[in-house]
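Data first, discussion second: the structure below is written as structure tokens.
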Amino acid sequence: MGEFQVHRVRFFAYVPAGVRCLAHCARSARLALARTDGALEVYNFAANYFQEKRIPGHETRSTEALCWAAGDRLFGAGLSGDISEYDLEKLRVKYSLDAFGGPIWSMAADPSGTQLAVGCEDGSVKLFQVLPGKIQFERSLDRQRGRVLSLSWHPSGTRIAAGSIDVLRVFDVPSGRTIQRMLVDRRLQGPRSCECVVWSVAFLSDGTIASADSAGKVQFWDSEKGTLLETHPVSSSAALSLAVSEEEDSIVVGTSQGAVYQFQRLPVRWGGADSRWVRTKPFQHHTHDVRAVAHSQTALISGGLDAQLVIRPLMERMHGKGYDAALRKFTFPHRCLVSCAKKAGLLLFQFPQHLELWRLGATTAAGKDGDILPVSRAPEHLLQLKSKGPEHICSSCISPCGSWIAYSTASRLHLHRVRWENSSCSIKRVCKVPKWLCSAHQLLCSADSTRLFVASDQGTVHVLKLLEPGGCKHLQTLRPNSGGSEAVYLLAASADGDWLAAAGGDWKIHIYSLRSFKPRCTVPAYSCAVTALAIHPATNNLVIAHSDQQVFEFSIPDREYTAWSRKVQRQGLHKDWLERDTPITHITFNPKQPAHILLHDTYMFCILDKSLPLPDDATPLMNQTTLKQLSEKARRGHAHAFKICKKYQPLLFVDLLEEGCLVVVERPLMDIKTQLPPPVQQKKFGT
Amino acid sequence: MAATRRRRAMLDEEAAAAALPEGAAAGEDENDDEDEAPEEVTFERARAAAEAERRRAGETARRDRELLKEKRRRREELFKDQKKRKLLPENILEELTSRPQINNKLSDTNKQGQNVGDGSQNKHEEHARRRNKERKKPVVRIKGSYMAVRLKDQDITSQHQQMAKDFVQKHLYGPGTNRTTANQFFSFANKKSPVKKAAVQFVNKSWGLEKKQKAKQFKKHWMATKNGVSCVGGKKPSPLKVDTNLLRKIWALS
């Protein structure tokens, strides 16, 4: 198998931004998530909860509300006062319309999806019509005093409930008048001088309004009579978010303490008609404020300021206790934020607004399995490159020799030449980069560092030639035959410089020949998203990992799946392999062992040995520790193709350098938690 | 008692103004002030003393007023200086103010032209030329690297945005919200476990690395200076007596 010296890197100070808004689209089983730094992510529930789209953030964008309207169109509104529509094919903001009401606090789409109601800072609720290709201001409802912090449409589309500070109002949409005004009680215990902010409202079809406020209570109101029906004190700190299921028999509430509660409508007497809302299940999966919750058909979804997205399937709605009913927690992005310059031993870390270049440390000692070797030269922070402008970095890469660094924002591509003198480096910007190259979601340098491949947002790939003293020239644009128009987000190049594979948002993988700059073939379509691609240096086989944990090997010269790949498909992968939570984000190879493939996801890395037999469901998948204790002969009998190591977790990146060295970039969760905003105090007896 | 002291003070001053040997007598008076009967002061003396006091009060008030005036005058000058510095240099202001005057002159001459003669073609041409010139918007070119920006376009939205963010910050992290530090929050598990451990900031080695590094540096400097001083002086300085200047220098370094 091999012995490796492992560079265990824990100096990547990556802190993900907290989750601010969630919007669930039941029709397409997708979840849109907005973070506090303005980034937008779309998770595809059908493709094993894969983060399929990501729009990078912006310094001035702070999204306060997200909603799906008119089918698959996604709208966001924030404190800058604009309503933006997101283009999910090209992965950018399509357009922004100023609502002229000051910062926007809330937004909701009406049940038919043709109108958007927006709650503004000046106290007005404005209605916008959703037309094909744009939105248009229709009218403004009666303006009231106090900012409108939460909005909800009645399922009939004729009334809107709006929550403000200390007050809850019901508007009649056709006339625009306020028909009901309800005063919300301030704090039940403690000082009554703090205002009560109604953070979230929901309008149910029988005229009941559910509200969650900063005094930590959930209240149910009758909108016809304007009276309070029930009060449920849920927490001693604020209740920040509320969501109702489609059948209106279950409500999920998120609080400041990180607890999520479920309310269910249960009959008072068994078989009786009278029913009441009862608080049933508490969940504590977050440590910080839960500012966004959503309710899908079968699961409670919550996102907190601790940057975690938690999806909790409800047992009474699931059939059986299989893997589908497991709790899913997502903290790290499903893409690579680290690039490695293998020949130079350098790592490039991508942060939202800057890049860091580090040189790996070195050791002169040797040891056996499990030893920790002393470091003779410490890892060195060589360079910090700040990006210009308010936009966040989409993607970045470093060439294998370490002389070129490229990064892309939504409006420009930046290319830098790095010069090395002894052990210090100096960096110089390349000025003549074509200005129309922008918004590249993946950048890749060829193995000989002479070409840069830029994935565009129109389904094409641009090839740039890197000229020696510090310049670049656009060589060609590779276009697919079938005319895909979604942004390309994965690239893989062969080591001999002949082939390039590109995967786009439509899940099709196109392979191009770099000699003739023409498309060669397309990998047969598969019904799941692609999460990682790599081309073997010796055999030119393309290894593909999908989000449902399937692994394929496609031979580019032969234009068909390899024999090994067919064998894997016939036999099927091991059950434990298929039931992993996180997708494979990086694939790499060992030049000295052509039958090995190295893959990793967040909680394990695995060396696939194609020459060994595949395991069936009866044998344990993670058998490395047991194999170590057996003798040589017994090992040969029990070994199978999957050699999995779970020692290093959580992983952000794993790569193989030359000379039997492995680089493992970890990010311990505790290190992230120390950088988060302060949590609410817990008082526990005896501490 | 206070009254006698005041009277005595007046008397003392008068005495000092008049002649010296009387001062000695006044000193003697002070020694046995409790037993003596109150002194008799003639009306003349009292009036003179009162007048002197009023004059003194008036002088002090005048002095204070003058000082205030001085202060105000200095501040006004300072503000004027600052304002002058803020404004564009004089030659550019002159250029800017002179352009509209030229335009006004043009329009004046045009009106005059209309009044005087309507017949001749030359004058018509002149009218046309002048009207064309008038219709063209006056282009004000400013030399140098200045940029004129409308205040309307600047940053009202960012002010609103800041106010909105402050609102959210106040309600989530403001005074009534009971927030705590990450160290306290994550140390609960350590404290409630059967084997009690220290708080997370001591157990977790990567916590607060910057603070620990700063503390290490400070310690290095402190030890170096302490040893240096002792070598030069020959006597060991006591650990409590610290030269504050030295401390300040060390803090600045770290």
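Letters go in sequence order (proteins before strands), and every chain restarts at 1. Note: hydrogens, waters and symmetry copies are ignored here, and every other heavy atom, side chains too, is used.
Taking CZ of F167(B) as the start and CZ of R147(A) as the end, the distance is 4.5 Å to the nearest 0.5 Å. Between T181(B) atom OG1 and Q681(A) atom CD the span is 9.0 Å, to the nearest 0.5 Å.
Contact annotation for L149(A): only side-chain heavy atoms (C-beta onward) come within less than 4.5 Å of a heavy atom of chain B. Interface remark: V680(A) contributes backbone and side-chain atoms alike to the contact with chain B (heavy atom separation under 4.5 Å). Proximity to chain B (any heavy atom under 4.5 Å) is shown, for S237(A), by neither the backbone nor the side chain. When heavy atoms are compared at a cutoff of 4.5 Å, S236(A) does not approach chain B at all. Interface remark: E195(A) contributes backbone and side-chain atoms alike to the contact with chain B (heavy atom separation under 4.5 Å). Contacts of L305(A) with chain B are made by side-chain atoms alone, with heavy-atom separations under 4.5 Å and no backbone atom involved.
In terms of non-hydrogen atom pairs under 4.5 Å with chain B, the most contact-rich of D289(A), D98(A), L676(A) is D289(A).
The aromatic rings of W199(A) and H171(B) sit perpendicular to each other, their planes meeting at more than 60°, with 30° as the lower class boundary.
At least one side-chain heavy atom of S256(A) sits less than 4.5 Å from a side-chain heavy atom of R179(B).
Although no hydrogens or angles enter the test, the distance criterion places a donor-acceptor pair under 3.5 Å between the side chain of Q161(B) and the main chain of T60(A).
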